[in-house]
Novice: 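Have a look at this one before I ask anything.
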Number of protein chains: 2
Amino acid sequence: MRNHITIKDIARSLDLSYSTVSLALNDAPVVNPRTRQRVQEYARSVNYRPNASARAISTGRTYLVGAVLGRFTNSFFEEIAQGIENVASQRGFDVILNTSGFGGSSEEAHLSRLVDRRIEGVICTRYSISQQGIDRLEKMEIPILLLRADACGPQTYVAVDNRLGGRLAIEHLAALGHRHVLYVGYDFVFSQLREEGAREAARDFGVKVEPINVPAAIDRGAAFAAVSRRAKALRDFTAVFCADDVLAVGAIQALQEIGLSVPHDVSVVGFDDLRWASLISPPLTTVHQPQISQGETAMELLIAMVEGQQVASTVLAPRLVVRGSTAPVVKRAAGAKAG
Amino acid sequence: MRNHITIKDIARSLDLSYSTVSLALNDAPVVNPRTRQRVQEYARSVNYRPNASARAISTGRTYLVGAVLGRFTNSFFEEIAQGIENVASQRGFDVILNTSGFGGSSEEAHLSRLVDRRIEGVICTRYSISQQGIDRLEKMEIPILLLRADACGPQTYVAVDNRLGGRLAIEHLAALGHRHVLYVGYDFVFSQLREEGAREAARDFGVKVEPINVPAAIDRGAAFAAVSRRAKALRDFTAVFCADDVLAVGAIQALQEIGLSVPHDVSVVGFDDLRWASLISPPLTTVHQPQISQGETAMELLIAMVEGQQVASTVLAPRLVVRGSTAPVVKRAAGAKAG
DNA sequence: ATGAAAGCGCTAACAA
DNA sequence: TTGTTAGCGCTTTCAT
């Protein structure tokens, strides 16, 4: 069994020529239906399986794409990967995983391996591949699809509408009566967009939003300490909107540590709706990203590009998921207990 | 750029034969150092990259493995995948991702695709592939490495020492003075092993452990309801040990809902140490699984198998991570407030 | 409707 | 040390 059966073997056994067998296996209309059936049945009976490498070499197509998802995408990784895989397999593509490599000396080697395999396209993020890497792929005319690309650069991308997400969060808080909210974010494009959306909505609703920026690469724990320090200094906010869920839990903890209860004293809204968002206490109100859809859409677009079609970037709509970390505003002396 | 340079091209340009170029590129010692350098430099200058398919077809090796990780492994997926990828890429292998497919009609097709690619090995779990699938791979003599295999079946596996994990949890609780703990688990091998470990330790320390089984496939929320019902019925437990972290958050919520505070009234220990375990409140005391190591070890063993070596299954040691969900036992009337 | 033969890009005997 | 040649498993003209 280890040594696979080949077309030659089948041809010999059935006393046909290679090409007839090949044609029969590929359902070519020219071959006699009876012959075709005979071939296919026999092939099946001996567990014949075509050799993808051989086929690739003679057709020039590999039906292989690379998914270069780095550390930073970790929290999303699972579901996005699942989405990618869903449509890939449905469309006859396989995906080679690549989770390491950003920027480091290994990136070049990693990309080389993908190139050697003659992948037909790549899905990646701005955080999982360097500009150099992108350039290299582009020079080889390998289609690239950027995930969560935040609309910077000429590449096709699939992303959530971050601005709208920010707006949704503020609309919700405004409806609950909040008039002063803290925005806790990173110095990253997606965070800035979420903040912009928040600000726009804030203007519409007469809400004041105050930004705190937190270093991104740093250990989150440390970042949260910063949040709590800033929170203590500020007096009158009643809600916190965070650039992502991880920040949001940090914020909740920080607030609780200085004696403010969530959502009673202050409401907290996250972004992403990671798997555990509903599991923490209080369950997190957050802006949901359609992650599987993102993966699926990405793969669909990438295949379209591979097929030579012209495709447009897609932005997916986020949606607010209201859970237990937000509540109507109540009169209080903010930070009172904390001193 | 799209049409790749071949060895033939190089040979022609450098006025050498195919084979010399091939040998030079592969650092064969027979070729003249000067020739080799000339070839390699030229190849580099024209961005030559070998065609993996062509190479595969003539060497019979693909350096490709399949990772069939299903839904059930989701929570682990990221880090395990990372571990797998780490050593794979370091050893020159690529991994094809496969996240769907268990059991369903699609499994056969999925496996066929991997077989067509002539993967040299497969990493999977008992929950991500059917017995039929395993049989098929075995018949083709494709090495299989089972992840979290819980020691059932003849295949090589990599898993954490579940029994020891259970023991660690109980030891910790016993040291805190707990004498009656609830074990919340599934009807799965890994859960049973954790329970066994817990029971053994319990005997040693004079602790009583009471099991609650929760349906596994069901929505967790529903399961937690069951937990809370059972918890209300029981009077005198002071701690809960859960088969995994997801169950643990559920337990915490359930307990809080019936008016018991964690860890003041009852301590809770989880298992797995998922990424968010430290983020919830209280931060979860849990048995840590070395996930990246599991992935790495799995890949290392698989490669060894591919290389024809005899390898033994490996069990990795878990380790207890003490956080905020456990505390010394205090005298109380259990379930008092709940009525 | 089927067969013969060339070729895809590479490796590996074997010969020179 | 380099070149010739065959072959890996498949597709694809072009004949038959």
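Scope of the values below: all heavy atoms of this structure, side chains included, with no hydrogens, waters or symmetry mates.
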Novice: Checking all strands, does B:Ile7 fall into the base, sugar-phosphate, or nothing category for heavy-atom contacts under 4.0 angstrom?
Specialist: sugar-phosphate
Novice: Would you call B:Glu108 and A:Arg49 a salt bridge, using N to O less than 4.0 angstrom?
Specialist: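 Salt bridge between B:Glu108 and A:Arg49, a charged N being under 4.0 Å from a carboxylate O: no.
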Novice: Which residues in residues 17-30 of chain A have at least one heavy atom lying under 4.0 Å from any atom of DNA chain C?
Specialist: A:Ser17, A:Ser19, A:Thr20, A:Val30
Novice: To the nearest angstrom, how far is A:Asp15 atom CG from C:dA1 atom P?
Specialist: 19 Å
Novice: Tell me whether the OP1 or OP2 atom of D:dT2 has a side-chain N or O from B:Thr35 closer than 4.0 Å.
Specialist: yes
Novice: B:Ile57 side chain: which of C:dT11, D:dT11, D:dG9 is closest?
Specialist: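 Nearest nucleotide to the side chain: D:dG9.
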Novice: Side chain of A:Asn51: nearest nucleotide among C:dC10, D:dC10, D:dT12?
Specialist: D:dC10
Novice: Starting at atom NE2 of A:His4, determine the distance to atom P of D:dC10, rounded to an integer number of angstrom.
Specialist: 10 Å
Novice: Which value, rounded to the nearest 0.5 Å, describes the distance between B:Leu147 atom CG and B:Ile80 atom CD1?
Specialist: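 Nearest 0.5 Å value for the CG-CD1 distance: 4.5 Å.
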Novice: What's the closest nucleotide to the B:Leu16 side chain, out of D:dG3, C:dC10, D:dG9?
Specialist: D:dG3
Novice: Strictly below 4.0 Å, N to O, side chains only: are A:Arg113 and A:Asp116 in salt-bridge contact?
Specialist: no
Novice: Rounded to the nearest 0.5 Å, what's the gap from CD1 on B:Ile142 to CG on B:Leu114? Could you check?
Specialist: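 Between atom CD1 of B:Ile142 and atom CG of B:Leu114 there are 8.0 Å.
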Novice: Would you say A:Lys8 places a side-chain N or O within less than 4.0 Å of OP1 or OP2 belonging to D:dC8?
Specialist: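 For D:dC8, OP1/OP2 do have a side-chain N/O of A:Lys8 under 4.0 Å.
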Novice: How close do A:Gly121 and A:Leu302 get, heavy atom to heavy atom, and via which atoms?
Specialist: C-CD2, 3.9 Å
Novice: Determine the minimum heavy-atom distance between A:Val65 and A:Ile119, stating which atoms define it.
Specialist: C-CG2, 3.9 Å
Novice: Check every atom of D:dT11, C:dT11, C:dT2 against the side chain of A:Ser58 and return the nucleotide holding the closest atom.
Specialist: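 Closest nucleotide to the A:Ser58 side chain: D:dT11.
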Novice: Using whole Å, what does the distance between atom P of nucleotide D:dC10 and atom CZ of A:Arg12 come to?
Specialist: 12 Å
Novice: Please work out if A:Ser53 contacts a base, only the sugar-phosphate, or nothing of the nucleic acid, heavy-atom cut-off 4.0 Å.
Specialist: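 Result for A:Ser53 = nothing.
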Novice: For A:Arg136, is there an ion pair with A:Glu107 - N to carboxylate O distance below 4.0 angstrom?
Specialist: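 Salt bridge between A:Glu107 and A:Arg136, a charged N being under 4.0 Å from a carboxylate O: no.
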